[in-house]
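Single-structure report; data block below.
Quick note on labels: first sequence line is chain A, next is B, and so on, each numbered from 1. Since we're looking at a predicted model, the values are computed, not measured.
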Amino acid sequence: MDRIPILRMGEFLLVTIQVDMHDQLALALQDDLSERISRTSARGVLLDISALDIVDSFIGRMISTISGLSKIMDAETVVVGMQPAVAITLVELGLTMPGVLTALDVERGMNLLRERVQTQ
Amino acid sequence: MTAASSGSHPVRTEQDVVLARQQVRKLAVSSGLRLVDQTKLVTAASELARNTVIYGGGGDMDWEVVEEGIRKGVRLVFRDEGPGIPDMKLAMTDGWTSGGGLGLGLTGARRLVDEFSLESAPGNGTRVTICKWS
Ligand SMILES: Nc1ncnc2c1ncn2[C@@H]1O[C@H](COP(=O)(O)OP(=O)(O)O)[C@@H](O)[C@H]1O
Ligand SMILES: [Mg+2]
């Protein structure tokens, strides 16, 4: 089965979702990420979803789960690059992602992660 | 209202859900829906296609590009011959799921489109029809 690659950037992990994910792929990413956070003691995860042209309730839940998982493992997750049309649709779908940090792009996301990790 | 073109797509596997999304995106673009409306329609289709696979045991998506005067739209029917929905009122409640979902698929899909209808009877499968206009 194919997997979504996880790149290491210093103390952070970068995940760029570039495919229209089927559900198993999303679940595999959850597992892979928690394993990588524990193995590398990463302090933060940048989840770049700028290539996703929809986020439905399944993918939305995956994002929330990843965010929650990383917190338990003493790491922060920042979701970056959500397309405006996707954000509007999520609100109407009724999906709120409480506690999930977001930023407009990777650079801002990286800055946010650094701030969060420093203040801890 | 007339149908300019129509077709059918299997919805039996997770991969079919991905392909159905891509098909609906193409239909939405060709019907002149603006980006936000394309996104809403594809998201609704994704929710309903997943339900067809998970709860309906697989089925089909019928699609139609429809025209009424100067406006165009996309109509989709998700149908299966699965167990059906015993309590439709409950199923149409935000946050209710019989599985492990978020319970936002049916209610969310209804909010995202212009027309929504749900027909189901225990033992007789489920049929959800949605339409989004340009
Ligand atoms: N095609 C279907 N066949 C049988 N039951 C269905 C079907 N679609 C939806 N349901 C029922 O309606 C419930 C709500 O669906 P939905 O709003 O998509 O939430 P979720 O998928 O998160 O459970 C499902 O949990 C299921 O019990
Ligand atoms: Mg659902």
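- Using a cut-off of 4.0 Å between Lys/Arg side-chain N and Asp/Glu carboxylate O, B:R21 and A:D53 are scored as not salt-bridged.
- Under a cut-off of 6.0 angstrom, the local environment of CE in B:M92 is crowded, with over 12 non-hydrogen atoms contributed by other residues, nucleotides or ligands.
- Residues A:M21 and A:I49 are members of one and the same hydrophobic cluster, defined by side-chain heavy-atom contacts under 4.5 angstrom among Ile, Leu, Val, Met, Phe, Trp and Tyr.
- Of the atoms belonging to B:V17, not a single heavy atom falls under 4.5 Å from chain A.
- Considering only heavy atoms from C-beta on, B:K40 comes within 4.5 Å of A:I88 through its side chain.
- Shortest non-hydrogen contact noted between B:R111 and A:E92 is NE-O, 2.8 Å.
- Annotation for B:T39 and A:A85: closest pair OG1-CB, 3.5 Å, computed over non-hydrogen atoms.
- If you measure heavy-atom distances from A:V55 to chain B, the contacts under 4.5 Å come from the backbone alone.
- By the 6.0 Å contact criterion, NZ on B:K26 is open, its count of non-hydrogen atoms from other residues, nucleotides or ligands being 12 or less.
- If you measure heavy-atom distances from B:R34 to chain A, you find no contacts under 4.5 Å at all.
- Clustering ILVMFWY residues whenever any of their side-chain heavy atoms sit less than 4.5 angstrom apart, transitively, puts A:L47 in the very cluster that holds A:L25.
- Among B:T13, B:L102, B:T107, B:V36, the residue with the largest count of heavy-atom pairs under 4.5 Å with chain A is B:L102.
- There is no path of hydrophobic side-chain contacts, each under 4.5 Å, that joins B:L48 to A:I59.
- Checked by atom type and distance alone, the side chain of B:E14 pairs as donor or acceptor with a backbone atom of A:D23 at under 3.5 Å.
- Residue A:L90 does not touch chain B at all, counting heavy-atom pairs closer than 4.5 Å.
- There is no path of hydrophobic side-chain contacts, each under 4.5 Å, that joins B:V18 to A:L52.
- In the hydrophobic cluster analysis, where Ile, Leu, Val, Met, Phe, Trp and Tyr join through side-chain heavy atoms closer than 4.5 angstrom, A:L27 is grouped apart from A:V19.
- Sparse packing is recorded around CD of A:E107, with 12 or fewer heavy atoms of other residues, nucleotides or ligands lying under 6.0 Å away.
- Side chain of B:E47 to main chain of A:D56: no donor-acceptor pair is present (N/O by atom type, distance under 3.5 Å, no hydrogens or angles).
- Contact of the B:R25 side chain with the A:I54 side chain is registered, since non-hydrogen atoms from C-beta on lie closer than 4.5 Å.
- Here B:T43 is the residue among B:V42, B:D37, B:T43 with the most heavy-atom pairs under 4.5 Å with chain A.
- B:R110 does not touch chain A: none of its heavy atoms, backbone or side chain, sits under 4.5 Å away.
- Rounding to the nearest 0.5 angstrom, the gap separating the CD1 atom in B:I54 from the CZ atom in A:F58 is 7.0 Å.
- The neighbour count for A:Q30 CD, taken as heavy atoms of other residues, nucleotides or ligands under 6.0 Å away, is above 12.
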